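Below: the structure, in structure tokens.
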Amino acid sequence: MPFFGSSFVIFALVLWSTYAKNLSLPSFKIDFEKDTFLKDDKPYRYIAGSIQYFRVPQKYWRDRLIKADTFLKDDKPYRYIAGSIQYFRVPQKYWHDRLIKAKIMGCNAVQTYISWFQHEPFKRKYDFTGTKDFVKFIRIAQSLDLDVILRLGPYIDGLQDMGGLPAWLLKSKSIELRQWNAVFLAELQVWYMKILPLIKPLLHPNGGPVIMVQIENEYGSYPACDHAYVQWLKNTISFFLGDGIVYFTVDGPSKHLLECGSHNGTYATVDFGPGNSAKEQFAVQRMFSPHGPLVNTEFYLGWHTMWGDLFQTGPIEPILATMSEMYSLNASFSIYVVHGGTNFGFTSGSEQTGTGDLKSTTTSYDWDAPIREDGELRPKFFQIKREIERLTGTKSRIKLPSPIKRFAYGSIPMRYMGSIFDHLNNLTIGRPLHFEFPPYAEEIDHYYGYILYEAALDSGKGTLNVTNAINDRGYFFVNREENIGITQRTTFVGHEQLITINMESTKAVKLSILVDNHGRISYSERLKDCKGIVKNITFNNQIIRKWTVYRLDFEKLIKEMSAELLSTRQFATSSGKLPELYAGRFEANELGDTWLDTTDWGKGNLFVNNGFNLGRYWPTKGPQMTLYHPYARRGNNTVVAFELEKPGNCFAGTCFMQSVLNPINIRPFDNN
């Protein structure tokens, strides 16, 4: 027995030795011959990050540890494919529809901006109702099990007026935007005290869906490059919101952009579109975020469209290829945009680069997105859905919601309802204002829409010099009856803008200038973009003095006077020389969305029912010919056009618009 026992032990040791040679046990040692570490018998090197446990609350130890360069959500590796949907560009009744479609396409998160000027269009007058109720939007996302990436700004761009900053900031002559400036930071502090308490309950540590909050937006592209300002933003926001979420920045994939745009204490990410090497773009991110997940915060599927440009479209193949490459690199990315929506009212912004002319954004913010402006699904929706399923190995079992009903309600006769001067009393906010010299729009608290300026001239013959004086488009009239010219904002050096007045009589005349605000510049250092008449105007080389100014509100007029506009009251025949109002109606026996076709009309705004402003139309410029109308109601519907230049489709004294099923975009015109 002793012999058997010893033999058994020896046999067991030999067996274990043989087994252990083939067993991959964890090990870490040094290979002195090859001057390297060996981890599990494989060459290994490390770049370590120092974290001192005694300086970090225990509950956040895992938050601070990045495993395999990935996010950790509830201590588990996490990555996202997000879809960008901006709540303020979508009718509230369709938030659930757009969000569930994004989820069905394969998104596990939604990304959205907070637009300051949408919530505080006038100083200390806040709006968190209807399409501005971002809390409800985020809660709907949560109900669909979508995480939320919140882009807080304060500057967001997004082709919004002034990049989402409220225009009333420009009332202060000493303000400097997006940098350390006492006036700007004081106003920002008040805004944060209003908005951040609404956001805090929505954070993931507090049971909400918000997992990430962005600080500023593409700040590296702004010349101020003020790190103290960004530090103030981070400190203020994190003081209110606390820990447990990721604070991040985003910039284009360029070293010099990230040098100004990134900041210690926030996670630096990049944005880029298809057709680029994702590996090369992320290599720039790695210069500023050496550890952690690779993130493309704006993966562009299309591009915005400006009046006078082609509607922006592109092939699907580069999109799918770049998605595949990003996913293979374990990157997270946000599709910008999965649904674009609409720039209702006067909310769209403009661009002006170099010495080029001002270009304003179309009312449509469609972006050729997978989910069309009206909620219809493009072929790319299903192509991207299949690619996400291939990449992730999972398929959505959620059924697509029923298609939103759309109707073509047909031809809409538009009856002439008088000129702007016929309705001036009802259009004017308060009383007319009087000034020695013409004020900016911001000086008179009229930040959006139209302003009428009037002054007396001592003669009916002469020359007006309005060079660089009108922001953005000016319509000139004499004695409220004669159209004498139109100017469009330009930056051409040495280009004089002159208007000739050549009346039959040399007697004194009344000059009227209607100024059309096309939206403030939303990108670049030119954000301080005041509107109205921004420079003195001369007549026969003499500065014009003593102005009367009318702040115009069409929504107010149409809401209060819709019954009169559609009554039997008759106005004189249109002269075709003045800005005019046209009103029509259509019957909706079945309720659904529609598109209003402005083909052959000139330029203006469309209002529906109780004065809701669908936005700007400009078919003589293109490419957008139709305005999305999601607010039709059962029975009688009103459509009112404020037409600046010429009514369209006129036959035997009646002009027409059309209600059609689908959007129309054409090749733009080179005029105007």
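Just so we're clear, the structure is a prediction, and the values are computed from it rather than from any experiment.
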- [ ] Please name all residues satisfying side chain to side chain donor-acceptor pair (under 3.5 Å) with Ser350, sequence neighbours left out, ordered by chain then number.
- [x]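 Side chain to side chain donor-acceptor pair (under 3.5 Å) list for Ser350, sorted by chain: empty.
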TODO: Could you list the residues that satisfy side chain to side chain donor-acceptor pair (under 3.5 Å) with Lys461, not counting sequence neighbours?
DONE: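 Listed in chain order: Asn502.
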In terms of the angle between their ring planes, are [X] and [Y] parallel, tilted or perpendicular, with boundaries placed at 30° and 60°?
{"X": "Trp116", "Y": "Phe184", "value": "tilted"}
{"X": "Tyr219", "Y": "Tyr222", "value": "tilted"}
{"X": "Tyr628", "Y": "Trp595", "value": "tilted"}
{"X": "Tyr448", "Y": "Phe117", "value": "tilted"}
{"X": "Phe586", "Y": "His629", "value": "perpendicular"}
{"X": "Tyr87", "Y": "Phe134", "value": "tilted"}

Task: For Phe437, all residues meeting ring-ring contact (aromatic ring centres under 6.0 Å, His included), sequence neighbours excluded - done: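 Partners of Phe437 by the ring-ring contact (aromatic ring centres under 6.0 Å, His included) criterion come out as none, since no residue qualifies.
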Donor-acceptor pair, side chain of [X] and main chain of [Y], under 3.5 angstrom:
{"X": "Asp516", "Y": "Arg473", "value": "no"}
{"X": "Asn483", "Y": "Gly485", "value": "yes"}
{"X": "Thr626", "Y": "Ile664", "value": "yes"}

Could you go through residues 646-655 and list every donor-acceptor pair under 3.5 Å that involves a side-chain atom there, pairing it with any protein atom two or more places apart or in another chain?
residue	atom	partner	partner atom	Å
Lys646	NZ	Asp600	O	2.3
Asn649	ND2	Thr599	O	2.9
Asn649	ND2	Phe656	O	3.3

TODO: Kindly write out the residues that satisfy salt bridge (charged side-chain N to carboxylate O under 4.0 Å, His left out) with Glu525, not counting sequence neighbours, or none if the list is empty.
DONE: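 Once residues adjacent in sequence are excluded, Glu525 has no partner under the salt bridge (charged side-chain N to carboxylate O under 4.0 Å, His left out) criterion.
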- [ ] List for me each residue that meets salt bridge (charged side-chain N to carboxylate O under 4.0 Å, His left out) alongside Lys194, sequence neighbours excluded, and say none if there are none.
- [x]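 So Lys194 forms no salt bridge (charged side-chain N to carboxylate O under 4.0 Å, His left out) with any residue.
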Would you please name every residue forming a side chain to side chain contact (heavy atoms under 4.5 Å, CB included) with [X], sequence neighbours left out?
{"X": "Lys125", "result": "Phe122"}
{"X": "Glu436", "result": "Arg545, Lys546"}
{"X": "Lys359", "result": "Met306, Asp309"}
{"X": "Glu176", "result": "Gln179, Asn181, Lys528"}

Open item on the list: Does Arg124, at its CZ atom, have more than 12 non-hydrogen atoms belonging to other residues, nucleotides or ligands within less than 6.0 Å?
Closed with: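 Counting other residues, nucleotides and ligands, CZ of Arg124 exceeds 12 neighbours.
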Task: Side-chain heavy-atom pair Met657, Leu606 within 4.5 angstrom cut-off - done: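 Met657 vs Leu606: side chains touch.
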- [ ] Return each pair, listed once, that meets salt bridge (charged side-chain N to carboxylate O under 4.0 Å, His left out) where at least one residue sits in residues 605-619; pairs must be two or more places apart or across chains.
- [x]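 Found none.
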Pair up each side-chain donor or acceptor in residues 161-168 with any protein partner under 3.5 Å, not counting sequence neighbours, and list the distances.
residue	atom	partner	partner atom	Å
Asp161	OD1	Arg520	NH1	3.2
Asp161	OD2	Arg520	N	3.0
Asp161	OD2	Arg520	NH1	3.3
Trp168	NE1	Glu120	O	2.8

